[in-house]
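See below for the structure under consideration.
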There are 2 protein chains.
Amino acid sequence: MTESLEPKRLTAWRAYIEASQRLFTQLEDDLRADSGLSFADYHVLVLLSEAPGQRLRMGELASRLVFSPSRLTYQITTMQRRGLVAREACPEDRRGSEAVLTAAGLLTLREAAPHHLASVRTHLMDDLDDDEVACLTRIFDRLGRRLRAERDTATHPSET
Amino acid sequence: MTESLEPKRLTAWRAYIEASQRLFTQLEDDLRADSGLSFADYHVLVLLSEAPGQRLRMGELASRLVFSPSRLTYQITTMQRRGLVAREACPEDRRGSEAVLTAAGLLTLREAAPHHLASVRTHLMDDLDDDEVACLTRIFDRLGRRLRAERDTATHPSET
DNA sequence: GGCCAGTTGTCAAAATTTGAACTAGTGCTA
DNA sequence: TAGCACTAGTTCAAATTTTGACAACTGGCC
């Protein structure tokens with residue numbers, strides 16, 4: 001089963017995927033337990049809190065989260081029901097709508113973040129030395145950039 | 001929102017989580033497209049193919065996949081429906097059952113693996129130099145080991 | 001030899017995700 | 001400025017996935 005990936009890289013791949021999967025489940029469990037938020041909920045709150053006017057177009061959110069349109073609609077609807085975000089009509093384009101962070105949403109994020117980040121520390125970061133942190137950043141920053149680019153050209157196949 | 005994670009580590013964390021999430025979606029899409037398998041399907045096939053007798057107890061599979069028991073039951077049921085695995089009663093413990101890899105399952109894995117590994121190469125590995133591969137292995141091997149241990153002590157809190 | 005605490009796995013119900021319409025709006029072309 | 005092709009986002013029903021209560025069984029312990 002090693003036909004096309006040399007052994008060292010296969011080992012790296014397996015270690016990475018297994019540990020990541022464990023890490024993500026662990027972090028999501030922690031997040032759920034002490035804030036009642038899913039990973040997606042949390043991510044939406046972070047994106048909105050950092051956006052100008054604490055609001056984002058649906059499409060923008062969908063592409064950042066890599067969610068299908070209807071999945072995003074559902075996601076925002078549930079968050080709206082819980083009072084974390086509100087929907088507002090978009091002024092410039094009347095087809096569109098925006099998700100806006102509510103005061104309650106911001107508060108929820110402020111309460112959740114320290115726990116969540118502590119969880120990231122204890123499960124991952126505290127165990128890494130500075131070189132490893134640098135290496136992690138280098139690898140995944142580059143990877144993220146490339147994957148974003150690939151996805152964009154897949155959507156707009158022509159812009160060469 | 002940076003209270004408890006120093007900036008460099010926060011950056012590393014964000015790069016890692018975003019890129020990983022994109023990578024996993026991308027790989028899963030590829031896998032689905034050319035083999036009709038989900039990540040979980042593939043992982044089950046790999047685990048079974050490497051197990052003695054190409055069979056594993058449900059509980060063992062569940063803990064390796066970090067799946068809840070009922071989630072695993074569902075997973076195996078769908079794979080059984082597609083003929084990839086079979087269920088057999090466990091001889092030693094009549095509560096238990098085992099998942100066994102079928103010939104069709106093995107064949108499916110043999111066909112899927114090269115494509116999947118190629119996908120891992122193009123989306124991730126080809127872009128890493130040897131140092132980065134080594135670093136990835138070191139970080140995630142250690143992390144995986146630790147998370148496995150944590151989970152075990154969480155289940156058996158007493159073995160000190 | 002019968003009881004009990006702890007496991008193992010299943011099943012029905014709830015939550016989530018998908019995908020194909022559909023509504024509404026935009027902005028180009030003629 | 002009417003027509004038309006395209007885009008934004010939602011809706012709804014069906015398919016998939018996950019959860020949580022439950023029934024079957026084990027292995028000690030009286």
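Chain identifiers are assigned alphabetically (A, B, ...) following the order of the sequence lines, protein sequences preceding nucleic acid strands; residue numbering begins at 1 within each chain.
Residues A:Gln75 and B:Pro69 each lie close to DNA chain C; by heavy-atom proximity, the contact nearer the 5' end of the strand is made by B:Pro69. Between A:Glu92 and B:Arg87, the residue whose closest nucleotide on DNA chain C is further toward the 5' end is B:Arg87.
Looking only at distances, a side-chain donor or acceptor of A:Glu28 sits under 3.5 Å from a matching main-chain atom of A:Phe39. For B:Asp30 (side chain) and B:Leu27 (main-chain N/O), no donor-acceptor pair under 3.5 Å exists by modelled atom type. Counting only distance, with no hydrogens or angles, the side chain of A:Ser119 and the backbone of A:His115 share no donor-acceptor pair below 3.5 Å.
Non-hydrogen atoms lying under 4.0 Å from DNA chain D are contributed by B:Arg32, all within residues 17-41 of chain B. Of the residues in residues 59-67 of chain A, those lying under 4.0 Å from DNA chain D by heavy-atom distance are A:Gly59.
Proximity of A:Val133 to A:Thr137: side-chain heavy atoms (C-beta onward) are separated by under 4.5 Å at one or more points.
What separates CD1 of B:Ile76 from P of C:dT10 is a distance of 10 Å, to the nearest Å. Here the P atom of nucleotide C:dA15 and the CZ atom of A:Arg71 are 17 Å apart, to the nearest Å. At whole-Å resolution of the value, CE in A:Met79 and P in C:dA15 are 18 Å apart. Atom CG in A:Leu72 sits roughly 12 Å away from atom P in C:dT18 (whole-Å rounding).
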Q. Going through the distances and angles, do B:Arg55 and B:Glu98 end up as a salt bridge (Lys or Arg N to Asp or Glu O under 4.0 Å)?
A. CA-CA 6 Å; B:Arg55 65 184 55 233; B:Glu98 306 179 316; 2.9 Å; yes

Q: Determine, step by step, whether B:His116 and B:Asp34 satisfy the side-chain hydrogen bond (donor to acceptor under 3.5 Å, both in side chains) criterion, reporting the C-alpha distance in whole Å, the side-chain angles of both residues, the deciding distance to 0.1 Å, and the verdict.
A: CA-CA 9 Å; B:His116 178 55; B:Asp34 51 48; over 6 Å; no

(Q) Could you walk me through whether A:Glu132 and B:Arg9 satisfy the salt bridge (Lys or Arg N to Asp or Glu O under 4.0 Å) test, starting with their C-alpha distance in whole Å, then the side-chain angles of each, then the deciding distance to 0.1 Å, before giving a yes or no? (A) CA-CA 10 Å; A:Glu132 290 170 333; B:Arg9 291 179 184 236; over 6 Å; no

Q: Begin with the C-alpha distance, continue with both residues' side-chain angles, and end with the deciding distance and a verdict on side-chain contact (heavy atoms from CB on, under 4.5 Å) for A:Ser35 and A:Glu111.
A: CA-CA 8 Å; A:Ser35 315; A:Glu111 277 173 11; over 6 Å; no

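Looking at heavy-atom distances under 4.0 Å, B:Ser97 makes contact with sugar-phosphate atoms alone, never a base.
Scanning for side chain to side chain contact (heavy atoms under 4.5 Å, CB included) contacts around A:Arg94 gives an empty result, with sequence neighbours left out. For A:Phe24, the ring pair (Phe, Tyr, Trp, His ring centres under 6.0 Å) criterion is met by B:Tyr16, not counting sequence neighbours.
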Enumerate the protein-to-nucleotides 20-25 of chain C contacts in which both atoms are nitrogen or oxygen and the separation is below 3.5 Å.
unit_1	atom_1	unit_2	atom_2	d
C:dG25	N2	A:Arg95	NH1	3.0

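Nearest heavy-atom pair, A:Leu106 versus A:Ser49, reported as atom, atom and distance to 0.1 Å: CD1-CB, 4.4 Å. The heavy-atom pair separating A:Leu124 from A:Leu23 by the smallest distance is CD2-CD2, 4.1 Å. The heavy-atom pair separating A:Trp13 from B:Met125 by the smallest distance is N-CE, 3.6 Å.
Chain B approaches DNA chain D within less than 4.0 angstrom (heavy atoms of the protein), and the contacting nucleotides run 5' to 3' from D:dT16 to D:dT26.
Between A:Tyr74 and C:dT17, a side-chain N or O to OP1/OP2 separation shorter than 4.0 Å is absent.
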